[in-house]
Amino acid sequence: MRNVEVAWIFRELADLMELKGADYFKIRAYRNAARILSGLDKPLVEIWKEGGLTKVPGIGRNIAAKVSEILTTGGLKKHEELLQEFPPGLLEIMSLPGIGPKKAALLREGLGVTGLGELARAAREKRVRTLPGMGSKTESEIIRNIEMRENRGDRVLLVSAGDLAEEFIEYIKRIPGVSGVEAGGSLRRRRETVGDIDLVAAGSDPQSVLDAVAGHPRVRKMLESSPGRARFYTNWGVVVDLEVAPEEIFGLALFRSTGSRAHYQRLQRIFTERGLKLDEAIKDGPGAAIQEQDIYASLGLPWIPPELREDRGEVEAALENRLPHLLETADIKGDLHLHTNWSDGINTIEQMVQRARAKGYQYVAVTDHSRSLKIAGGLSLERLREQHEQIRKMNDEFEDFRIFTGIEVDILPRGGLDCPDEILEETDLVVASVHSAFKQDRGTMTNRILSAVENKNVDIIGHLTGRLISKREGYDLDLDRVFEAAADCGTILEINASPDRLDLNDLNARRAREKGIKVAINTDAHDLKRLDEMRYGVSVARRAWLEPDDVVNTMPVGELIKYLRRR
DNA sequence: GCCGTTTTCGGCCCGACTGTTTTCAGTCG
């Protein structure tokens, strides 16, 4: 069992206890435990076997016993009992924005709704507004949010699909007769969410591979099968679609699986125009295995990276030999937005720095929250000064690494920043972000953010739109005006690499680049493990056609310091 | 629930915003 799966049980347990009206601090302890467990970079089973669970800060005797129960039995009795009491549909209701435990309980008691479908119907029939404390606005918000969720369908975050795919890939690789296996589909194109996980394997005996995968511990059932192909439903609720092709046509199968449909059709049109057929064109070298390169080469094109295959001009660019030299994760030389235990992070500055050094970075900026964000332990001016003092001392110890003093300063609801300018001025790196009053109207929100973009002490605007993928829409914002101002002022925009944010997204990052705006790709990590999420931000950048020069944290430390001063 | 050379009980505990009200409960970062 993965750490995140154990953490998930505690998160759900906390929600259930909240519905039950349990003690606030107990609930908080469970939530905190969930956060800590998912942040551990060592498998829980190992820590458990070593008897080290209670040594983890935030995990006491009780939670350790529960973890142990989960690891031995695969579940938690208390969790299962509560699920009997409160149907899972109620948890879904509670996960709607604006609906917490009290409103969820009221909806159940007052209207008897126990799931999203029933709730949507009740809202459309204007029954929700009959409940105390609920009116027409709540009603229409409910409908809007449920519809948004329905549109999302069964898509999961790229990170979840990637983790699950990785398990299957490792498993399939070891099946005798398999000479290769790769993810195709939207996972390979690195879209922010993935529907089915498409896998393509090369093997001489397809049926034996499919049979072996049917026995994978995560497979609940086989949905469909045909020669060389099967669809499996997994215990994560995600469908895995596996195709096993002979080695000679593995490249072709992978190419087809990768798509996108629009990209594929665009290429096919070119084949047709030239009087060729895709299948025939690649059968030139008999006996030789077909590579993806061969398919593109048969049209005189260079290989097109999967992230670009969306029919957004990549075929034309390839025809004119002007494909971008896409950014790679290895180009990244530092992380300019992360948190430590000075505010709401889990690890110390030392630990975060040590990990960043191990990753081969040249620098990081420590950007804890500013004073207004009380719940996240925002730093008072005094504490901020103290932290910066400590960082300056730490820097004396390094010759080959630089810690930038920093802050993630709140952009206040009325505009302006949550920290005096004179302090920002002497801070190496300032990220400014919105963390409150998300529902302001377009004009107010735009002006609010512009006040930060135009502040000469602000280096980077963090997670610009505030969206949480398939959970919360971004703020109502005039992006054109923000981009214009950022281009004018030389303000850097962030691609926040956190897999549930990916903000800017691919399209907006591409627009930013076209306006000449520089981008920083930051993890916003709150623990060691999440420093590794840089690659998701890089995926967005690649889908946005970004090259190393577009991204400030590809600069070596000296160049970056000069760049930041020049602003 | 967790934590503790201020140790085994008592502290942990924000505050603005929203939608609903006409003084406030619920939600959220």
Side-chain angles (χ1 to χ4, degrees), chain A residues 7 9-11 13-37 53-67 69 76 78-79 82 93-107 110 123 128-142 144-145 339 341 343-346 368-380 408-414 418 433-441 444-445 448 462-463 466-468 471-476 496 498 500-501 503 524 526:
Chain A
I9 294 179
F10 281 101
R11 206 162 285 135
L13 184 60
D15 288 347
L16 290 160
M17 299 284 282
E18 212 170 20
L19 277 168
K20 212 173 161 58
D23 175 57
Y24 168 76
F25 295 102
K26 193 186 257 195
I27 295 165
R28 201 183 59 169
Y30 287 144
R31 288 237 163 84
N32 194 34
R35 203 168 81 100
I36 290 162
L37 295 176
L53 282 177
T54 53
K55 292 193 194 82
V56 178
I59 309 298
R61 251 185 45 212
N62 282 294
I63 290 181
K66 287 187 170 65
V67 171
E69 183 187 335
L76 185 66
K78 183 168 180 166
H79 172 242
L82 282 167
I93 288 176
M94 210 170 96
S95 72
L96 292 170
I99 309 289
K102 297 280 165 55
K103 284 189 182 170
L106 183 62
L107 287 164
V128 170
R129 64 180 70 180
T130 62
L131 295 172
M134 301 211 198
S136 58
K137 279 202 177 175
T138 310
E139 217 163 49
S140 49
E141 272 298 282
I142 286 174
R144 207 175 59 86
N145 283 310
H339 297 269
N341 62 354
S343 67
D344 60 346
I346 289 178
D368 277 308
H369 290 290
S370 61
R371 57 189 171 178
S372 296
L373 208 61
K374 304 281 184 196
I375 187 122
L379 267 53
S380 66
E408 181 181 17
V409 62
D410 261 51
I411 305 172
L412 298 168
R414 288 159 197 273
D418 186 30
S433 321
V434 166
H435 290 113
S436 60
F438 299 138
K439 290 188 174 174
Q440 288 178 330
D441 65 73
T444 311
M445 184 59 92
R448 176 182 178 188
H463 45 73
R467 64 99 174 242
L468 292 177
K471 245 169 109 185
R472 185 180 77 200
E473 285 173 340
Y475 333 125
D476 196 3
N496 189 294
S498 179
D500 61 342
R501 289 194 183 270
D503 182 11
D524 196 359
H526 285 66

When all nucleic acid strands are considered with a 4.0 Å heavy-atom cut-off, which category describes Ile63(A): base, sugar-phosphate, or nothing?
sugar-phosphate
To the nearest angstrom, how far is His463(A) atom NE2 from dG29(B) atom P?
11 Å
Can a donor-acceptor pair be found, under 3.5 Å and without considering hydrogens, that links the side chain of Asp503(A) to the backbone of Gly466(A)?
yes
Counting distance only, does the side-chain N/O of Arg448(A) pair as donor-acceptor with the main-chain N or O of Ile411(A) below 3.5 Å?
yes
Measure NZ/Lys26(A) against C1'/dC13(B) and give the value in whole Å, please.
18 Å
Pairwise P distance, dT22(B) and dC17(B) [rounded to whole Å]:
23 Å
So what does Arg472(A) touch, heavy atoms closer than 4.0 Å: a base, only the sugar-phosphate, or nothing?
sugar-phosphate
Against the side chain of Asp23(A), the closest entry in dG1(B), dC17(B), dG19(B) is dG1(B)
Lys137(A) side chain: which of dT27(B), dG1(B), dG19(B) is closest?
dG19(B)
Answer with base, sugar-phosphate or nothing: what part of the nucleic acid does Thr138(A) contact at a heavy-atom distance below 4.0 Å?
sugar-phosphate
Considering non-hydrogen atoms only, spot the tightest contact between Gly474(A) and Arg467(A) and give its length.
N-CB, 3.6 Å
Is the side chain of Asp418(A) donor-acceptor paired with the backbone N or O of Arg371(A) at a distance under 3.5 Å, no angle test?
yes
What is the separation between atom NZ on Lys102(A) and atom C1' on dA25(B), rounded to the nearest whole Å?
8 Å
Which whole-number value in Å describes the distance from Leu412(A) CG to dG15(B) C1'?
13 Å
Side-chain atoms of Pro413(A) come closest, of dG26(B), dC17(B), dG29(B), to dC17(B)
Determine the interatomic distance between C1' on dG15(B) and the same-named atom on dG10(B); round to the nearest Å.
25 Å
Counterpart base for dT8(B), defined by Watson-Crick or G-U wobble contacts under 3.5 Å:
none
Side-chain N,O (Lys78(A)) to OP1/OP2 (dG1(B)) below 4.0 Å
yes
Let me know the distance between CG of Asp15(A) and P of dT27(B), rounded to the nearest Å.
12 Å
Protein-nucleotide distance (Asp410(A), atom CG; dG15(B), atom P), rounded to Å
14 Å
Tell me which nucleotide among dG19(B), dG15(B), dT27(B) gets nearest to the side chain of Pro101(A).
dT27(B)
Crowded around Arg144(A) CZ? As in, over 12 foreign heavy atoms under 6.0 Å?
yes
Regarding Ile99(A), tell me which of base, sugar-phosphate or nothing describes its non-hydrogen contacts under 4.0 Å with the strands shown.
sugar-phosphate
Nearest to the side chain of Phe438(A), heavy atoms from C-beta on, is which of dG19(B), dG29(B), dG1(B)?
dG29(B)
Could you check whether Tyr24(A) gets within reach of a base, just the sugar-phosphate, or nothing at all, counting any heavy atom under 4.0 Å?
nothing
Taking Arg31(A) first and then Asp15(A), would you say they form a salt bridge - that is, a charged N and a carboxylate O separated by under 4.0 Å?
yes
Would one find a side-chain N or O of Asn32(A) under 4.0 angstrom from OP1 or OP2 of dG1(B)?
no
Considering every strand and a 4.0 Å limit on heavy-atom distances, what is the contact class for Ile36(A): base, sugar-phosphate, or nothing?
nothing
If you check the Lys103(A) side chain, which of dG19(B), dG1(B), dG26(B) turns out closest?
dG26(B)
In terms of the nearest nucleotide of DNA chain B, which residue is placed more toward the 5' end: Pro97(A) or Ala64(A)?
Ala64(A)
How long is the line joining CD of Glu18(A) and P of dT27(B), in whole Å?
8 Å
Please figure out whether Leu131(A) or Gln440(A) has its closest DNA chain B nucleotide nearer the 5' end.
Gln440(A)
Going by ring centres under 5.5 Å and near-parallel planes (under 30°), is Phe25(A) stacked on dC12(B)?
yes
Taking atom C1' in both dT7(B) and dC2(B), what distance in whole Å separates the two?
13 Å
Would you find a donor on one side and an acceptor on the other, under 3.5 Å apart, between the side chain of Asn145(A) and the backbone of Glu141(A)?
yes
Which part of the nucleic acid, if any, lies within contact of Met17(A), taking any heavy atom under 4.0 Å across all strands shown: a base, the sugar-phosphate backbone alone, or nothing?
nothing
I'd like the P distance from dT23(B) over to dC28(B), given in whole Å.
26 Å
dC13(B) to dG4(B) separation - P atoms, rounded to the nearest Å
15 Å
First locate atom NE2 of His526(A), then atom OG of Ser343(A), and finally report the distance between them rounded to the nearest 0.5 Å.
6.0 Å
Does Ser372(A) put a side-chain nitrogen or oxygen below 4.0 Å from OP1 or OP2 of dA16(B)?
no
Arg28(A) has its side chain closest, among dA16(B), dT27(B), dG1(B), to dG1(B)
Under 4.0 Å, heavy atoms only, any strand: does Ser136(A) hit a base, just the sugar-phosphate, or nothing?
sugar-phosphate
note: Asp344(A), atom CG; dC28(B), atom P; distance rounded to Å ~ 18 Å
